[in-house]
Amino acid sequence: MDIKNNVTKIFKNFSHKKYLKIEGGKFLKGNIEISGAKNSALVLMAASILSKGEINLFNVPQISDVSIMSKLLITMGINIKSNANQLTINTKEIIIPPQDLFFDLCNALRVSFFCIGPILARFGKAKIPLPGGCSIGSRPIDEHIDSLKKLGVIFQYRNNYVIAKVINPQKRLLGSSINFKCKSVGATETLLMAASLAKGKTILNNAAEEPEIVDLANMLNLMGARIKGAGSECITIEGVESLKGCDYTVIPDRIEAGTFLLAAAITRSTISLFPCEPNHLKALINKLELCGCKFEYSNFCLKIIPNQILNSVDITTGPFPDFPTDLQAPFMALMATTNGISKIKETVFENRMHHVKELNHMGAKITVKNNIAKVIGVKKLQGREVTGSDLRATAALAIAGLSANGKTIVKGLEHLERGYENFSEKFQEIGASILKK
Ligand code: EPZ
């Protein structure tokens, strides 16, 4: 396969001219099918590097980040067959990737850096581009690096690459006890994957507790790993010699589900989501109940029933189970339309308030000081031409457009397509006037 052209084709598909055209003021009604979780599917794909067998992943969302991760694995000689929401991954012909192509793909996708753990566990050495920062923050990797050093890895840095090598003569990682300085989803996932094939026991203290980490541990255990405690802040991993293939279904995307709940609240509409695991969304559901929304839940189906008048409430983002940073922007869009004043404090990323300027352009009354936004609710937002700067900010502007007076043009569709499967189509199905142009 001519990978280079294939990869350029991906980047060409990201037309930066696509936008959403939204007519606001429509009530939404009906059921939304929630896709598989982006932030689980991507790391499960990276974990497939550890397997000597075949991995069948089900409920994989068809989004551009998954396409890029697929191309990244293909440059490593991994065989991938995709059929709708199923990926069949076989690593028997895996190689160390050609560097230039790998560089472009890694630069397009931060989660590609999480491959360093599986590659080191499998080959004892790795050369991976340093992930850059992005619009929401510097995105450091010190927790990944410092923890892998504890497992016996040495690092060099050359021309924007991280060059890593396992020091012991058997080229095998050695289990150790690790205390993370901060709760990092990515670092916890990198170490889970690396420690699965290490010699001996690894203990992760102050581990992140997100549902996506539990999903990764469940798949690794199906492959033959011996992991206990995922979902708590202390995880133990007994290393094994090798990992086999397995079939695995990705959990529903809690951030997509939260985005749709907020769209229902901002349009004061009653909708249902399926499948949806409310335990993955407790922080959001609690805040929406305080605003004046009611919920009904049965058999993986969650229904939201908002009052016509909703009250402003305060939130502070934080690692799971606290309020998710990925729903901060869509939640702010809702608070721009509720009765009262809301304080929104972002504690996870240092630069995740770009949506404020665009929401104010739509008539919102938001001021920001020291990563705390003060949102004075207004009766109605006004349709405007706005531009999203990242995945979740663009989603926030889209749901603001659903409730605004008149027409809203939301530019930055390439951000949305990274993480939401069929975003506009799903909203059309429940009555929104939203077109991809
Ligand atoms: C994951 O990113 C998600 N991405 C992000 O989702 C999500 O916002 C984030 O976790 C927090 O929940 C994927 O899973 C692919 P972190 P990750 O390491 O792992 C600091 C989206 O919109 N930190 O948990 O990169 C870091 O600066 C994306 O879907 C270090 O200091 O996030 C941040 O303040 C955006 N050193 C905090 O930890 C490190 O080595 C949380 O980052 C690593 C992180």
Side-chain angles (χ1 to χ4, degrees), residues 35-47 61 63-66 68-69 72 106 108-117 130-150 155 162 178-193 204 206-216 233 250-251 253-259 280-281 283-284 317-331 346-352 354-355 371 388-396 412 415-421 423:
S35 301
K38 162 180 91 82
N39 290 348
S40 181
L42 293 171
V43 73
L44 298 180
M45 290 170 76
I63 52 177
S64 54
D65 273 9
V66 166
I68 296 175
M69 182 55 107
L72 192 68
C106 288
L109 188 62
R110 173 181 164 81
V111 72
S112 52
F113 187 73
F114 302 178
C115 293
I116 194 167
L130 261 174
C134 65
S135 61
I136 63 175
S138 59
R139 312 298 292 274
I141 53 167
D142 54 315
E143 295 275 33
H144 299 248
I145 301 294
D146 296 348
S147 313
L148 286 170
K149 281 180 183 168
K150 297 285 293 283
F155 291 90
V162 174
I178 288 158
N179 301 310
F180 289 117
K181 292 192 300 295
C182 75
K183 281 184 180 288
S184 160
V185 172
T188 302
E189 291 169 340
T190 297
L191 270 289
L192 264 183
M193 292 186 281
L204 305 181
N206 199 26
E209 304 170 43
E210 274 69 4
E212 292 75 26
I213 288 166
V214 176
D215 218 22
L216 173 62
E233 59 182 10
V250 180
I251 53 171
D253 193 316
R254 63 192 170 99
I255 304 302
E256 183 195 24
T259 306
H280 293 172
L281 280 163
L284 173 67
T317 67
F320 193 87
D322 290 346
F323 193 97
T325 174
D326 294 345
L327 289 175
Q328 179 256 102
F331 190 83
E346 173 57 60
T347 70
V348 177
F349 291 111
E350 69 269 27
N351 203 11
R352 201 169 202 177
H354 297 293
H355 42 287
N371 244 5
S389 53
D390 66 78
L391 171 56
R392 309 305 176 180
T394 310
H415 297 299
L416 264 187
E417 290 178 338
R418 294 192 50 181
Y420 290 96
E421 185 178 42
F423 183 86

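Counting convention: from 1, in listed order, for ligands and their atoms alike. Start at 1 with the first residue, then count along the sequence.
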Mind checking whether F114 has a heavy atom under 4.0 Å from ligand 1?
yes
Ligand 1 to R139, heavy atom cutoff 4.0 Å, flagged ligand atoms 2 (O), 17 (P), 25 (O)
Hey, are R418 and D390 close enough for a salt bridge, meaning a charged N less than 4.0 Å from a carboxylate O? no
If you scan protein heavy atoms around atom 18 (O) of ligand 1, the nearest is S184 OG, 2.7 Å
Considering distance alone, does some N or O of E210 sit under 3.5 Å from an N or O of ligand 1?
no
In ligand 1, the atoms that come under 4.0 Å of a heavy atom of R352 are 8 (O), 22 (O), 35 (C)
| query | Taking distance alone, with no angle check, do E189 and ligand 1 share an N/O pair under 3.5 Å? | reply | no
Counting from 1 in the order shown, the ligand 1 atoms closer than 4.0 Å to a non-hydrogen atom of C182 are 20 (C), 23 (N), 30 (C), 31 (O), 38 (O)
In short, I255 meets L327 closest at the heavy-atom pair O-CD2, 3.5 Å
The closest protein heavy-atom partner of atom 31 (O) of ligand 1 is P140 CG, 3.4 Å
Checklist entry - So F320 and H280, ring pair (Phe, Tyr, Trp, His ring centres under 6.0 Å) or not? Walk me through it. => result CA-CA 9 Å; F320 193 87; H280 293 172; 7.1 Å; no
Checklist entry - Can D326 and R352 be counted as an ion pair, charged N to O under 4.0 angstrom? => result yes
Quick test of your reading of the model: are E212 and R254 salt-bridged, counting only N-O distances below 4.0 Å? yes
Original post:
Below 3.5 angstrom, do we get any N/O pair linking I136 and ligand 1?
Top reply: no
* So, does T325 sit close enough to ligand 1 that a heavy atom of it is under 4.0 Å from the ligand? -> yes
Note to self: Between ligand 1 and V348, is the shortest N or O to N or O distance under 3.5 Å?
What the structure shows: yes
So the atoms of ligand 1 within less than 4.0 Å of a heavy atom of G186 turn out to be 18 (O), 19 (O)
Ligand 1 to R110, heavy atom cutoff 4.0 Å, flagged ligand atoms 25 (O)
Note: ligand 1 atoms sitting under 4.0 Å from heavy atoms of K38 are 21 (C), 29 (O)
Between E256 and K38 (salt bridge meaning N to carboxylate O under 4.0 Å), is one present in this structure?
no
One finds that the ligand 1 atoms under 4.0 Å from a non-hydrogen atom of H144 are 40 (O)
_Heteroatom proximity flag, D326 to ligand 1, N/O under 3.5 Å_ = yes
- Between T317 and E346: side-chain donor-acceptor atoms closer than 3.5 Å: yes
Within 4.0 Å of some non-hydrogen atom of R392, the atoms of ligand 1 are 21 (C), 22 (O), 29 (O)
